[in-house]
Undergrad: 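There's a structure below that I have some questions on.
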Number of protein chains: 2
Amino acid sequence: MPTPSRTSLSEIVAAGLTIVESDGVEGLTMQKVSAAVGVQPPSLYKRVAGRGALLRLIAETVLEDLGESLGSAATGFDPKADLRALALAFRAFARSRPGAYRLLFAPLPEDWAPDQEMFVAASLPVLRTTEALVGPERALDAARLVTAWAHGFLTMELAGAFRMSGDLDEAFEFGVERLTVSLTAG
Amino acid sequence: MPTPSRTSLSEIVAAGLTIVESDGVEGLTMQKVSAAVGVQPPSLYKRVAGRGALLRLIAETVLEDLGESLGSAATGFDPKADLRALALAFRAFARSRPGAYRLLFAPLPEDWAPDQEMFVAASLPVLRTTEALVGPERALDAARLVTAWAHGFLTMELAGAFRMSGDLDEAFEFGVERLTVSLTAG
DNA sequence: ACCTGAACACCGTTCAAGT
DNA sequence: ACCTGAACACCGTTCAAGT
């Protein structure tokens, strides 16, 4: 006699996302997730291979959201304006969902990092913009320069790693400007 | 009747550093540490407040090492050459000790992040170099641009986040060059 | 087919008891 | 003064048993 389903994979992922945001990656436990969806911990394993697999699913969801944010930030008309818009969208995303953002680059247990292609897909708007700026030859190097800077900046901002003195907004704008210059002067 | 000490704080930290390097931050358990120094887990609490405190001590050790690496990379004579040397030293450090490097920016449990001033101290060579390049006014913004890029690049390189196509060494050199240009053209 | 309780191997941490 | 074993509250995960 079949037992009626009391939860679903998407509900589990959604609950996990909420927990990651409030308690961080370390705070995501199968027990919290199971409690959030109204089930006992062992039942989760009917839908998810384990904690690592769940973290990957959550991270992939976040990557999709990030990709959408970036995708709608770039217009495709003015590459210099797009570069700035992408940077601002990136920062806005990380600041509004710091837990989710941190998950993307957190050292996940046992090779549960999200699929490589999902990172590529999410950063496609950046690659298109740098291609418009520096041409196809250097587009990838330029995209790496920009994304590395943006990611590093946000990681350090979220970690409070440079709250020394000075305005962080200004520091970010400084970065955008100089990067834009360096990619258009070449 | 006093029991003879069977270990020491420095031995514990050293053992922890080794474990972080081999097993990652998540892999550092008090049990592994205690086994490595030849003691029972509860004994560690005589010298260290807990796992978080130990991680902080380890991270501070790593920060000191990084600061030394950076400090000996810059000569102080040629700021442009120093910037490149700093970037290469930074990358060499992260690649030779990825576990230790990752620890620096890992989300540590409960506010156990290393002291703010230790980050500042470690990155002082970068600040001195950018000051020589762009002047005292913009030195901090410029240092943040460089360190954010370098940190972001290494985080993504270590995470395998952009092993797509293309040469990573080349991408790194591209970044150094463009950043140097952007900081000397202003 | 899905859920559950019990169980196992692991955690961090506390504490009374030993020397 | 330092160490230990026992204990506690928590983990992730497996599995036999229920419906």
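Because the structure is a prediction, the values reported are computed rather than measured. First the proteins, then the strands, lettered A, B, ... as listed; each starts at 1.
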Undergrad: Which nucleotide in the list C:dC2, D:dG12, C:dG5 gets nearest to the side chain of A:Ser5?
TA: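 Nearest nucleotide to the side chain: C:dC2.
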Undergrad: Run the numbers on A:Arg138 and A:Glu131 for salt bridge (charged side-chain N to carboxylate O under 4.0 Å, His left out), then give the verdict.
TA: CA-CA 7 Å; A:Arg138 288 304 209 174; A:Glu131 181 170 353; over 6 Å; no
Undergrad: Centroid separation under 6.0 Å, is that true for the rings of B:Phe172 and B:Phe153?
TA: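 Judged by ring-centre distance (under 6.0 Å), B:Phe153 and B:Phe172 do meet the cut-off.
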Undergrad: Looking at A:Arg97, I'd like to know if its CZ atom is crowded, meaning that more than 12 non-hydrogen atoms belonging to other residues, nucleotides or ligands lie closer than 6.0 Å.
TA: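 More than 12 within 6.0 Å, yes.
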Undergrad: If you count the non-hydrogen atoms of other residues, nucleotides and ligands that lie under 6.0 Å from CG in A:Asp169, is the total more than 12?
TA: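 It does: A:Asp169 CG has more than 12 such atoms within range.
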Undergrad: Rounded to the Å, how far apart are A:Glu26 CD and C:dG12 C1'?
TA: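 Nearest whole value for this atom pair: 13 Å.
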Undergrad: Name the closest nucleotide to the B:Lys32 side chain, picking from C:dC11, D:dC11, C:dG12.
TA: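 The nucleotide sitting nearest to the side chain is C:dC11.
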Undergrad: Taking the side chain of B:Arg47 as heavy atoms from C-beta outward, which of D:dC2, D:dG12, D:dT4 is closest to it?
TA: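 Per side-chain heavy atoms of B:Arg47, the pick is D:dC2.
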Undergrad: Measure from CZ on A:Arg6 to C1' on C:dA1 and round the result to the nearest Å.
TA: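 The distance from CZ of A:Arg6 to C1' of C:dA1 comes to 12 Å, rounded to the nearest Å.
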Undergrad: Mind calculating the distance between CG (B:Leu9) and P (D:dC3) to the nearest angstrom?
TA: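 Result: 12 Å.
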Undergrad: Can you tell me the pairing partner of D:dT14 across any strand shown, Watson-Crick or G-U wobble, with both distances under 3.5 angstrom?
TA: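 By the stated definition (distances under 3.5 Å), C:dA6 pairs with D:dT14.
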Undergrad: May I ask you to check whether over 12 heavy atoms, not counting those of B:Lys32, lie within 6.0 Å of atom NZ?
TA: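 Correct, the count exceeds 12.
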Undergrad: Where the side chain of A:Met30 is defined as all heavy atoms beyond and including C-beta, which of D:dG12, C:dT13, C:dT19 is the nearest nucleotide?
TA: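 Selected nucleotide: D:dG12.
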Undergrad: Applying a 3.5 Å limit to both distances, which nucleotide forms a Watson-Crick or G-U wobble pair with C:dA1?
TA: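 C:dA1 is paired with D:dT19.
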Undergrad: Rounding to a whole Å, what distance do you find between B:Glu11:CD and D:dC2:C1'?
TA: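 Between C1' of D:dC2 and CD of B:Glu11: 15 Å.
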Undergrad: Does a distance-only test, which skips hydrogens and angles, find a donor-acceptor pair under 3.5 Å between the side chain of B:Ser43 and the base of D:dC3?
TA: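 Result: no qualifying N/O pair found.
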Undergrad: To the side chain of B:Pro42, which of C:dT14, D:dT19, D:dG12 is closest?
TA: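 Per side-chain heavy atoms of B:Pro42, the pick is C:dT14.
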Undergrad: Which nucleotide sits closest to the side chain of A:Thr29: D:dC2, D:dT13, D:dC11?
TA: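 Taking heavy atoms from C-beta onward, the closest nucleotide is D:dC11.
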Undergrad: Among C:dT4, D:dG5, C:dC2, which is the nearest nucleotide to the side chain of A:Gln40?
TA: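 Nucleotide nearest to A:Gln40's side chain: C:dT4.
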Undergrad: Considering all heavy atoms of both residues, which atom of B:Arg51 and which atom of B:Val25 are nearest to each other, and what is their separation?
TA: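 That would be NH2-O, 2.9 Å.
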Undergrad: Distance check needed: C:dT13 C1' versus B:Trp112 CH2, whole Å only.
TA: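 After rounding, the reported distance stands at 13 Å.
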Undergrad: Ignoring the backbone of B:Thr3, work out which of C:dG18, C:dT4, C:dT13 is nearest its side chain.
TA: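 Ranking C:dG18, C:dT4, C:dT13 by closest atom to the B:Thr3 side chain puts C:dG18 first.
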Undergrad: B:Gln31 CD to D:dC11 P: how many Å, rounded?
TA: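 Going from CD in B:Gln31 over to P in D:dC11 covers 16 Å.
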Undergrad: Nearest to the side chain of B:Thr7, which nucleotide is it out of C:dC3, D:dC3, D:dT13?
TA: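 Closest nucleotide among those given: D:dC3.
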Undergrad: Rounding to an integer number of Å, can you tell me how far B:Leu44 CG sits from D:dC2 C1'?
TA: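 Rounded to whole Å, this separation is 12 Å.
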Undergrad: If you check every side-chain atom of B:Tyr45, which of C:dG12, D:dC15, C:dG18 has the closest atom?
TA: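 So the nucleotide nearest the side chain must be C:dG12.
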Undergrad: Calculate the interatomic distance between A:Lys46 atom NZ and D:dG18 atom C1'; express it in whole Å.
TA: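 One finds 13 Å between C1' of D:dG18 and NZ of A:Lys46, rounded.
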